[in-house]
Protein chains: 4
Amino acid sequence: MINGERTIQRPLRWGMIGGGRTGQVGYKHRTGALRDGTYQLVAGAFDLDAERGRDFGTNLGVSGERCYATYQALIAGETAREDGVDVVSIATPNFTHYEITKACLEAGIHVICEKPLFFTVAECDEIAALAASKNLIVGVTYGYTGHPLVRQMAAMVAKGMLGEIRIVDMQYTHGFNAGDDTDASEAQVWRTNPATAGATFVLGDIGTHLYYLSEVVLPELKVEKLLCDRKAFIPSRAPLEDHATVLMHYDNGARARIWVSSVNAGNMGSQRYRFVGAKASLEWSDSHPDQLIYEVQGEPCRILHRGMAYLEEDSLALDRMGALHTEGLGDSWSNIYLWIAEAIDAKMRGDEAFLSTHRYPDLKAGTEGVRWLENCVRSAEAGAAWVDFA
Amino acid sequence: MINGERTIQRPLRWGMIGGGRTGQVGYKHRTGALRDGTYQLVAGAFDLDAERGRDFGTNLGVSGERCYATYQALIAGETAREDGVDVVSIATPNFTHYEITKACLEAGIHVICEKPLFFTVAECDEIAALAASKNLIVGVTYGYTGHPLVRQMAAMVAKGMLGEIRIVDMQYTHGFNAGDDTDASEAQVWRTNPATAGATFVLGDIGTHLYYLSEVVLPELKVEKLLCDRKAFIPSRAPLEDHATVLMHYDNGARARIWVSSVNAGNMGSQRYRFVGAKASLEWSDSHPDQLIYEVQGEPCRILHRGMAYLEEDSLALDRMGALHTEGLGDSWSNIYLWIAEAIDAKMRGDEAFLSTHRYPDLKAGTEGVRWLENCVRSAEAGAAWVDFA
Amino acid sequence: MINGERTIQRPLRWGMIGGGRTGQVGYKHRTGALRDGTYQLVAGAFDLDAERGRDFGTNLGVSGERCYATYQALIAGETAREDGVDVVSIATPNFTHYEITKACLEAGIHVICEKPLFFTVAECDEIAALAASKNLIVGVTYGYTGHPLVRQMAAMVAKGMLGEIRIVDMQYTHGFNAGDDTDASEAQVWRTNPATAGATFVLGDIGTHLYYLSEVVLPELKVEKLLCDRKAFIPSRAPLEDHATVLMHYDNGARARIWVSSVNAGNMGSQRYRFVGAKASLEWSDSHPDQLIYEVQGEPCRILHRGMAYLEEDSLALDRMGALHTEGLGDSWSNIYLWIAEAIDAKMRGDEAFLSTHRYPDLKAGTEGVRWLENCVRSAEAGAAWVDFA
Amino acid sequence: MINGERTIQRPLRWGMIGGGRTGQVGYKHRTGALRDGTYQLVAGAFDLDAERGRDFGTNLGVSGERCYATYQALIAGETAREDGVDVVSIATPNFTHYEITKACLEAGIHVICEKPLFFTVAECDEIAALAASKNLIVGVTYGYTGHPLVRQMAAMVAKGMLGEIRIVDMQYTHGFNAGDDTDASEAQVWRTNPATAGATFVLGDIGTHLYYLSEVVLPELKVEKLLCDRKAFIPSRAPLEDHATVLMHYDNGARARIWVSSVNAGNMGSQRYRFVGAKASLEWSDSHPDQLIYEVQGEPCRILHRGMAYLEEDSLALDRMGALHTEGLGDSWSNIYLWIAEAIDAKMRGDEAFLSTHRYPDLKAGTEGVRWLENCVRSAEAGAAWVDFA
């Protein structure tokens with residue numbers, strides 16, 4: 001049960017790059033970071049429009065002098081201070097993640113970054129070496145994986161309650177881009193331009209959430225082969241995709257199918273996961289995240305509720321609101337932010353033992369997401385052909 | 001509204017081949033055929049165990065002399081009578097469908113046959129020629145497609161309410177074969193033996209339902225390419241499959257994904273269909289068949305209920321129980337049986353005009369199901385490769 | 001498992017009074033009675049419009065001479081025949097139930113009657129004496145109680161799986177009468193006129209279903225006190241009600257609350273039942289009748305599916321379609337009709353031992369429904385006051 | 001859209017009385033108050049165990065000197081400081097609400113109090129006079145009413161989209177007290193003792209949420225008559241109740257029925273509201289709070305999703321996470337806390353114009369909840385008789 005008591009030595013001094021007034025994701029970071037006094041928002045380069053960014057930042061309670069015009073200015077200004085930021089969150093378009101992360105790490109600042117992390121695995125590996133040499137943490141905001149029932153699924157799989165895993169079925173779709181991009185938002189414009197988004201649109205934007213969650217629940221399974229069939233139903237989005245189907249073969253013979261789309265007209269179901277084993281299945285959706293469906297073949301279907309005493313300890317430890325009361329995406333983000341804070345705190349304390357077992361969406365999680373995207377694109381460009389996962 | 005009033009000249013004299021006491025599907029045929037006085041069950045070769053078949057048949061009200069030991073005896077006996085059967089239903093293992101259908105047609109008897117219809121398209125074409133020459137009907141029991149809301153979906157698509165079709169997502173899965181076949185039922189044994197089941201297990205057994213329903217709803221779309229990835233999680237079922245994923249590209253650029261499985265442990269959801277267009281989507285499942293989800297992008301999700309006056313005439317014409325009261329699979333079967341009876345009646349009356357527009361799961365529907373299976377197997381045997389649909 | 005095999009000596013010769021082309025309920029009777037060859041429809045007085053009734057009847061396959069202009073003519077005609085009807089179903093407005101039932105019984109014909117059975121308990125008692133003296137059966141079409149999961153609930157309660165019953169929550173509501181009766185159907189006109197409907201509208205029309213089902217599931221509980229608060233939101237329906245709330249106290253201290261309404265605008269949920277015991281609860285709705293929710297306090301919620309092997313024998317014995325395939329209201333009606341046929345058959349055979357344990361909606365069930373209505377009206381007319389159940 | 005920008009002059013200095021480590025509700029207050037920098041937790045009397053309270057408070061980031069042993073000490077200590085608290089939240093057992101509120105107000109501190117507010121309307125009126133004289137705010141944490149879809153319902157009713165209101169159906173039930181209180185938690189012990197809980201258990205504890213939400217959605221309706229039938233299924237809880245049914249008549253002729261229970265074994269559905277008008281209905285449940293069901297009679301059922309552009313401005317203004325992403329109870333609490341902060345801020349600024357239209361659960365809301373409880377108890381003690389609402 002999380003009740004707000006501090007699990008780290010002191011609140012982290014936190015800055016944001018991006019996430020300004022007009023952004024979609026900035027508030028998710030803030031509501032995740034700020035609710036328990038683990039982070040204090042003290043600096044930001046919130047907006048490409050420096051004036052607007054300053055106005056916004058001061059409304060958030062950041063002092064005007066620490067509302068910077070650029071991320072470079074933020075790094076310079078904060079590293080010059082005794083009380084400079086410990087960590088920054090990067091909530092900017094994809095193409096800037098690598099350069100900002102690199103600059104922050106070089107300046108000795110921990111990083112929390114949006115997904116997809118970078119454009120290439122090579123970039124990830126380079127950053128990994130840098131972070132290691134600097135003794136810094138890079139976390140990735142796969143925000144949904146903070147939900148207590150995701151940990152519940154992982155625990156049940158680990159205990160063998162499903163039997164050998166056979167089928168993985170995952171879907172993250174919506175219909176908000178069913179129309180063309182005539183009046184597209186700024187966020188939509190950069191997301192559909194390879195120069196700013198990278199080699200994918202929906203695969204990177206939402207598909208990486210699916211892949212990471214599957215890694216959390218099924219840590220033992222490795223992908224052997226993959227096929228990605230992608231398409232831009234709105235032609236202007238090509239070569240990027242607004243719809244993709246991915247098939248995967250795991251090393252134990254299991255099969256996965258993945259659907260990612262932003263043209264699934266009218267769909268509000270969002271994410272859906274089903275893990276099928278030889279004995280039983282688990283199904284979870286972020287559209288009613290406090291319920292987990294557990295189906296043992298030949299027995300009545302069971303619905304498990306967040307916060308109930310029959311759940312695994314791993315899940316109950318994350319509970320905030322108690323059973324009967326819903327938790328939302330923000331609660332899940334706050335767990336992610338808490339885990340990353342605990343990693344940074346351990347790093348600061350030099351507690352590698354803690355870090356060796358501490359679970360959070362780390363640089364490796366970000367890297368594996370990028371690797372998955374590279375494989376998807378390689379398959380798609382080969383005509384939706386099977387490729388060995390590499 | 002269907003209220004039991006006869007739509008054909010006289011009740012059809014009907015016989016059953018298979019569908020005996022121990023069979024799974026016999027009652028579905030009978031409850032579909034008998035509720036409205038359209039068919040009269042007057043003969044049968046219900047069982048390979050002739051004694052048991054006779055006992056069973058007389059319990060159904062068939063006179064003992066018309067309970068035959070074999071289908072050959074049934075054909076011989078019934079053709080020798082003035083009041084012999086007009087039509088027989090074939091509810092036997094797959095490998096017998098072709099020979100029994102052929103024998104019935106040669107004897108001048110209309111046929112209603114289980115799916116998958118035959119083993120090959122070549123057999124289908126041969127039977128088509130025979131049926132044409134004999135002026136006889138062959139219907140196929142794709143029983144779910146009789147539901148009023150399936151016709152509703154077809155009507156809405158035809159009116160353009162979805163816009164150009166982009167994505168088709170279909171699933172028919174259950175978990176009843178999650179365990180191995182150690183104590184398999186007779187029905188399970190023949191379904192997993194290529195000699196008796198044909199070249200597929202779940203693709204033919206349940207997947208053909210999906211494909212036919214998609215043809216009913218989307219008559220304008222043609223498959224161009226197809227990929228089938230199949231697997232036997234229970235090795236003894238190989239080379240047949242207990243799990244398969246099929247991807248399809250349509251000629252208009254639409255994409256389909258299909259999941260068929262009998263090892264989806266614990267799953268009771270059965271069939272689920274989603275048709276996504278540029279403007280809106282439709283979603284229907286046979287697990288709550290009286291509700292149709294209609295989602296226009298940017299508008300509240302709508303749930304349409306069977307029997308309500310706002311539905312299309314095509315759908316309301318099929319209503320039996322009235323809104324507020326559920327219809328089940330049996331009601332859907334009774335519509336299929338009624339449509340086939342109307343086809344037979346028209347054929348008897350020589351009313352080809354009626355037949356030219358009358359919709360029911362006919363020999364062509366059965367043929368297309370077999371064609372789809374042939375393409376699936378061809379892809380699977382090529383290593384889950386894309387194949388041009390042929 | 002019901003597969004159509006006959007459980008009685010011979011099909012019953014069956015007539016209908018009412019239930020003609022324009023009626024709402026006629027087809028429910030026919031689809032319930034005719035699917036298994038248990039009944040043969042051989043006569044009818046289908047319609048007040050004799051010509052239309054004859055046309056309708058012959059379309060149903062009844063010979064013209066046995067399509068009668070009035071119920072009196074039917075009784076006269078049929079009792080004059082060797083092969084006259086064994087049983088008639090009464091699907092006419094409420095005010096005629098008593099006189100037709102009485103006439104049929106006096107003529108030696110078994111009766112199946114719509115609910116609410118009669119206007120008063122006194123009438124019920126009189127008919128009970130008549131039926132006993134004539135050795136005839138009177139069944140009542142509480143059609144929903146034929147569903148296999150209703151028997152499942154009764155079996156689970158009987159086994160003590162819920163613990164002592166504490167709370168009963170029942171609802172049968174819809175919104176089809178939310179508007180006024182300006183263009184009311186014929187059926188709506190007679191249902192809102194005390195002369196033709198009796199002392200209640202929705203309480204009798206739909207509320208009696210709730211009460212009877214609760215008696216089936218909770219045979220041990222007796223009502224001690226009752227309060228009925230009723231209202232006509234459409235004033236022209238007064239003194240009858242289109243909305244009512246009933247509270248009840250049982251002899252074991254349990255509490256019930258009942259909601260009956262036809263002005264619940266937009267509501268398509270129809271019937272909902274919840275039975276709460278000291279340990280666990282059961283919840284069932286006829287809008288997804290094949291699923292039963294079973295909630296043990298402190299354990300995951302369980303959903304039981306019709307037809308699964310884990311159900312009680314009592315439930316499985318009624319299964320028609322097998323698990324995974326939906327049953328509808330018609331299937332439930334066919335069980336009711338089968339049970340009544342078995343009662344009539346036993347009566348014909350003089351098998352009182354069978355009758356002593358055979359469960360079906362009998363004359364007592366109909367009587368208790370009328371008694372409940374009398375108590376409701378008594379309470380309502382006393383200003384929604386508590387009354388001792390009498 | 002709420003994105004964390006400050007809407008008040010400066011963060012409020014905030015203290016907590018109760019809500020310590022072992023309390024159930026403390027974290028709900030904190031997660032509601034702290035996420036947007038509107039409140040700063042600077043003081044507390046968190047626990048009757050002073051040592052534990054200090055340890056807890058410092059873990060929350062409160063300085064040790066401002067972790068007080070008693071509420072009296074907190075008031076004394078804080079009023080002695082320049083930077084003393086502006087406002088305190090009271091999360092203690094019911095019987096202390098009145099005395100603590102009074103003491104705080106007398107000391108010039110704004111108050112946010114748990115429900116049920118006080119024991120009697122007389123106390124409420126006295127406190128209202130005191131608050132007015134001191135120019136202070138008293139808010140009540142009816143936390144669920146902060147959800148954007150509650151405001152959506154109020155807006156739709158106000159626009160007449162439902163037509164004249166006819167029926168209100170509300171339920172807040174769970175089963176956590178289905179067993180007896182042998183090993184009851186501290187919270188359960190005081191909740192079932194009239195000396196500490198007041199004259200009700202579940203009516204006050206959860207029922208007041210229902211009543212207040214109905215006032216928010218239906219501000220025009222006034223209760224005329226009320227009947228409350230309550231019972232303690234666990235006898236040791238008497239004279240308090242663990243189950244109650246309340247019926248109400250409104251001045252426009254509408255009818256309400258309310259169910260409150262903590263012995264609804266296994267139930268996890270929590271709160272459910274249905275508002276039925278002459279034309280349409282709204283249904284909302286806090287168990288899937290981001291969906292609102294809107295049913296217009298004769299049209300397909302509509303499901304509205306939080307955050308979508310088709311919603312009313314009043315609702316969209318409260319959105320935090322964007323459509324497609326769930327909000328939980330904590331998000332709703334944070335809106336409540338924000339509204340109360342805005343009220344306090346306005347009071348500080350002397351902006352009575354703002355206050356005259358500002359909507360939040362204020363002292364009047366708390367008072368009406370107590371009034372409703374008084375009427376419920378009066379009815380119950382008269383034998384579940386109808387009483388005029390006074």
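Naming: A, B, ... by sequence-line order, numbering from 1 per chain. As the structure is a prediction and not an experimental result, all values here were calculated from the model.
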[Y] backbone acceptor or donor facing [X] side chain under 3.5 Å:
{"X": "A/Ser332", "Y": "A/Gly143", "result": "yes"}
{"X": "D/Arg306", "Y": "D/His147", "result": "no"}
{"X": "A/Asp286", "Y": "A/Gln271", "result": "yes"}

Which of [options] touches chain D most, by non-hydrogen pairs under 4.5 Å:
{"options": "A/Gly23, A/Ala323, A/Gly269, A/Pro289", "answer": "A/Pro289"}
{"options": "A/Asn267, A/Leu60, A/Thr7", "answer": "A/Leu60"}
{"options": "A/Gln24, A/His305, A/Gln291", "answer": "A/His305"}
{"options": "A/Arg35, A/His174, A/Met321", "answer": "A/Arg35"}

Which one, [options], leads in non-hydrogen pairs under 4.5 Å with chain A?
{"options": "D/Ser287, D/Gly4, D/Ala33", "value": "D/Gly4"}
{"options": "D/Arg320, D/Met1, D/Glu327", "value": "D/Arg320"}
{"options": "D/Met308, D/Arg10, D/His288", "value": "D/Met308"}
{"options": "D/Leu34, D/Asp290, D/Asn3", "value": "D/Asn3"}

Requested in this report: Could you check D/Trp333 against D/Thr31 for side chain to side chain donor-acceptor pair (under 3.5 Å), going step by step and ending with a plain yes or no?
Outcome: CA-CA 8 Å; D/Trp333 273 74; D/Thr31 199; over 6 Å; no
Requested in this report: Tell me, for A/Phe56 versus chain D, whether the close heavy atoms (under 4.5 Å) come from the side chain, the backbone, both or neither.
Outcome: both
Query raised in the report: Would you say A/Asp83 has more than 12 foreign heavy atoms packed within less than 6.0 Å of its CG?
Result: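 Yes, CG of A/Asp83 has more than 12 neighbouring heavy atoms, counting only those of other groups under 6.0 Å.
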Requested in this report: Could you tell me how the ring of D/Trp284 sits relative to the ring of D/Tyr273: parallel (under 30°), tilted (30 to 60°) or perpendicular (over 60°)?
Outcome: tilted
Report task. Identify the residue among D/Ile112, D/Asp86, D/Val85 that makes a side chain to side chain contact (heavy atoms under 4.5 Å, CB included) with D/Tyr39. Result -> D/Ile112
